[in-house]
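Below is one structure, written out as structure tokens; the observations come after it.
Just so it is clear, the values below take in all heavy atoms, side chains as well, and ignore hydrogens, waters and symmetry mates. Here is how names work: the chains are called A, B, and so on, in the same order as the sequence lines, proteins then strands, and each is numbered from 1.
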Protein chains: 2
Amino acid sequence: MSHYTDPFRGEFDSLEEFADRVSDVLKCPVTIEDANHRLIAYSAHDDYTDPARTATIISRRVPEKVINSLWKQGAIPALLKSREPVRVPPIHDVGLGSRVAVSIWKNDEVIGFIWVLETNRTLSPEEMEWLKLAAKAAKNKVLQLYMRKNKKEERVQELFWKLLTSHIAAEDEIRAHLAAMQIPTAPQFAIVVFRFAADLTAEMERQISYLLQTTQQLPLLLYTTDGRDVILLGAPKTDQPLKELNAFIESFAAKMKERFHIHDVQCGFGGVYSVYRLIEKSYREALAVLALKEKLGDDINGVYGYAQLGIYQFFDFLLEKKRQGDWTNLALEKLQAYDRKHHSDLVKTFETFFDHNENVQETADVLNVHPNTLAYRLKRIADIAELDLNDMNQKIKLYIDIKLAKYEARG
Amino acid sequence: MSHYTDPFRGEFDSLEEFADRVSDVLKCPVTIEDANHRLIAYSAHDDYTDPARTATIISRRVPEKVINSLWKQGAIPALLKSREPVRVPPIHDVGLGSRVAVSIWKNDEVIGFIWVLETNRTLSPEEMEWLKLAAKAAKNKVLQLYMRKNKKEERVQELFWKLLTSHIAAEDEIRAHLAAMQIPTAPQFAIVVFRFAADLTAEMERQISYLLQTTQQLPLLLYTTDGRDVILLGAPKTDQPLKELNAFIESFAAKMKERFHIHDVQCGFGGVYSVYRLIEKSYREALAVLALKEKLGDDINGVYGYAQLGIYQFFDFLLEKKRQGDWTNLALEKLQAYDRKHHSDLVKTFETFFDHNENVQETADVLNVHPNTLAYRLKRIADIAELDLNDMNQKIKLYIDIKLAKYEARG
DNA sequence: CCGGTTTTTGTGGATTTCCACAAATTCAAC
DNA sequence: GTTGAATTTGTGGAAATCCACAAAAACCGG
């Protein structure tokens, strides 16, 4: 291949025009995506496209399950490593026909992809080389798009921070701002905060941003970072927002781990509200979850939502009162005294029992004792602490005091 | 009987001497008690006494069960009504032989009793008249005793109020004061407060005092009144002080009702402590129980001890926070919204379920529904409120918030 | 009034709890 | 060490819970 045969020389008005040109040259449908698999342009006059391409064009982004399978299959990792074109065999599960892709680079960074759908032909090695040229030719156009986006992004971030810090009080004004920036309104939303082990590097930010952009589980309205935190405004769309948020977090964490080998991610989210004025509150609550996780560790493992913190929501408050003095639980003190004297584990037994929803079997398993042993200990606890095991109220108080004591010891 | 045959004329050095005299005249063992059945004097040279009398002399008070049976049998009510001697047939259950008694009066008030044990003879009508004379003759001596007691009583009350209001801080000083007044120290104690419907009348005070003095279930170290409150310093003697206190209260209230027809008695007691400095705290806690009872009514029926208040202990505190704002429970709000819209009772269902210790059967009975209905509703609650029914923590939070809402509505 | 949804009640069976009692084991104090 | 008390484990049967599924009843919007 000699340089004077480059078919992508010259100027193109738009990336659409460019896509059509590539399509003409290779005689295949062509799609151009940005680094986050959002559709930038696609060739128009194509006779055949597979379901995956159709879905991509309709929703202006690559469906998440397609992205997932391309990660699993290895195509995306390969494209992120090398400038060479990659051929992907058909993946029928997700409606992918056979295709060839190449990544678009700027310096050491991938800023987009060109996908060529091999409808009823296979690209020759020479055509593969042409594709590489196409990727180089696309670079500047894609970059321009980036610049424009970044400028807008900056303004959006500024707005987001104003919302997070309650700088705009009037609901109408907030709505006006959001509309001006083309940010859709949502009937309900919550702030989600991911906290990483260390301050975010540019590399990590790119990876996180990539994951967030490609995730379609939870609509994300806004996004920013702060030190080691990533802050999101998520907008659950079902009437079970907590479940949705939890699922999103789990899957995000899992993907961070398996795709980028980043393990140490904590997460919390605040209350789900429908008034934008409460964004700041949701943010505070998300931070409260993270602060509690730091302290309580195991006790609230797997809990991300402020709403699911349960009694821990007001622990700081109770602790304050406890420190003021006049907060005693004689029952607990007696149990502790007994434990100390007889090297027993009554307090822990009770705590575990409640941690496991008063389920005898489960608790006995966790403690490695016979269920009857557990029953015996509970009766013993009732005697020693003068606790009526049929009185939920008293049991709750003891449980809270046990947790509070732990909390106090740490906090 | 002519007046010049009165065998109890003249002076007696002491009540003991007087008792001996009566015993000589009637040829029977004689016991003199004050209005509260405390032993004042008894005749010495008796050949035979029944177990009840022995016990009375040993412990310097009439055993409670003897008093109880004399109330039931009717002797004491009769003695309180009339100045005539009363004959009591043997009550073997409590070791009482046949005896005759007469009350000692001052104006319209009974200030003591003379008991004559009919060992192996029966008093003749004439002797019965002599007994009446004996009662009259005893009056002044008994009164003197009262005066002395009252003076001491005043000083003791003053001390008690100092303790209740934390006017003496040093433990040693408190002990010294108590010792100076012959008040025994106790390893543990708590303040008990009975609150009546209206300010106490002299009449009621006498009745209450009577009951307290004759009660031997719970050792009472100190006693005073304040408006409609009766304040006690009780000293439980077992290692299950709460049970002891509860039993005492139940029995006190029952006796107030059946003997004096006083129904409207509320009661609360504070924490059980072993340091006198904490008397004031226990008092505050007892008052807190009463205040909560006023507000919560049914919710803490049958609860008297501060320790058994459970979560209500910190309800005032939480309410304060709630009123400051930023206290929301979306789960509860959703349930309430659902209830309003569908005229259902999900919130009440959950509350009742927890009130009854998560017992399905019991709750279903109380709500008059099929157990499966309850199960269905709970599942519904879990869906609507996005509540994990296996997570005690979340359930507790919801329960607290439900109670808190009720509490707020009232308080 | 209809048709569909929600709610209540019913049935049956596997599993779990509850309870009382007994045997085995551990612990502590003398 | 021995002894007695406290603790753990075991057994068995009655009762309760859990679960899935189905029929009946109540409710609601058009």
Worksheet entry | DNA chain D contacts made by residues 390-397 of chain A, counting heavy atoms under 4.0 Å |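 Contacting residues: none.
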
Polar atom pairs (N or O), protein with nucleotides 22-24 of chain C, under 3.5 Å:
none

Discussion item. Going by ring pair (Phe, Tyr, Trp, His ring centres under 6.0 Å), name the pairs with one or both residues in residues 387-411 of chain B, residues two or more places apart or in two chains.
Written reply: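 Every ring pair (Phe, Tyr, Trp, His ring centres under 6.0 Å) pair that includes a residue of residues 387-411 of chain B, provided the two are not neighbours, is Phe315(B)-Tyr407(B), Phe354(B)-Tyr399(B).
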
Practice prompt. Using heavy atoms and a sub-4.0 Å distance, could you list which residues of residues 336-347 of chain A are near DNA chain C? By number, please.
Written response: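 Of all residues in residues 336-347 of chain A, the ones placing a heavy atom under 4.0 Å from DNA chain C are His343(A).
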
Worksheet item: Do any of residues 349-386 of chain B sit with a heavy atom less than 4.0 Å from DNA chain C, and if so which?
Response: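 Val369(B), His370(B), Asn372(B), Thr373(B), Tyr376(B), Arg377(B), Arg380(B), in order of number.
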
Fill in: First-last contacting nucleotides on DNA chain D - partner chain A, under 4.0 angstrom, heavy atom
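First and last nucleotides in contact are dA6(D) to dT11(D).
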
Going by atom types alone, do [X] and [Y] pair a side-chain donor with an acceptor below 3.5 Å?
{"X": "Gln266(A)", "Y": "Tyr304(A)", "result": "no"}
{"X": "Glu333(B)", "Y": "Thr328(B)", "result": "no"}
{"X": "Gln188(B)", "Y": "Ser274(B)", "result": "no"}

Practice prompt. Estimate the overall bend of the helix from dC1(C)-dG30(D) to dC30(C)-dG1(D) from the end axes over five pairs each, rounded to 10 degrees.
Written response: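 One end's axis against the other's: 50°.
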
Discussion item. Restricting to non-hydrogen atoms, name the atom on Pro51(A) and the atom on Gly95(A) that form the minimum distance, rounded to 0.1 Å.
Written reply: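 Residues Pro51(A) and Gly95(A), closest heavy atoms: CD-O, 3.4 Å.
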
With sequence neighbours left out, what residues match [X] under side-chain contact (heavy atoms from CB on, under 4.5 Å)?
{"X": "Val94(A)", "answer": "Lys65(A), Val66(A), Ser69(A), Ile91(A), Leu96(A)"}
{"X": "Thr349(A)", "answer": "Asp345(A), Leu367(A), Leu374(A), Arg377(A)"}
{"X": "Ala307(A)", "answer": "Leu242(A)"}

Discussion item. Donor-acceptor check, side chain of Thr373(B) to backbone of Val369(B), threshold 3.5 angstrom: yes or no?
Written reply: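 Judged by distance alone, no pair lies under 3.5 Å.
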
Discussion item. My understanding is that only one of His342(B), Lys341(B), Lys348(B), Arg340(B) makes a side chain to side chain contact (heavy atoms under 4.5 Å, CB included) with Ser344(B); could you say which?
Written reply: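 Running side chain to side chain contact (heavy atoms under 4.5 Å, CB included) over His342(B), Lys341(B), Lys348(B), Arg340(B) with Ser344(B) returns exactly one hit, His342(B).
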
Discussion item. Going by salt bridge (Lys or Arg N to Asp or Glu O under 4.0 Å), name the pairs with one or both residues in residues 392-411 of chain B, residues two or more places apart or in two chains.
Written reply: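 For residues 392-411 of chain B: Asp299(B)-Lys403(B), Asp299(B)-Lys406(B), Lys322(B)-Glu408(B), Glu351(B)-Lys403(B), Glu351(B)-Lys406(B), Asp355(B)-Lys403(B), Glu358(B)-Lys395(B), Lys397(B)-Asp401(B).
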
Fill in: Any Gln217(B) side-chain heavy atom under 4.5 Å of Phe252(B) side chain
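Side-chain contact under 4.5 Å: no.
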
Discussion item. Going by side chain to side chain donor-acceptor pair (under 3.5 Å), name the pairs with one or both residues in residues 360-369 of chain B, residues two or more places apart or in two chains.
Written reply: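 Output for this query is empty, none listed.
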
Practice prompt. Determine, for Glu64(A) against Lys255(A), whether the closest basic-nitrogen to carboxylate-oxygen distance falls under 4.0 angstrom.
Written response: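 Looking at Lys255(A) together with Glu64(A), the answer is yes, because their closest N to O distance falls below 4.0 Å.
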
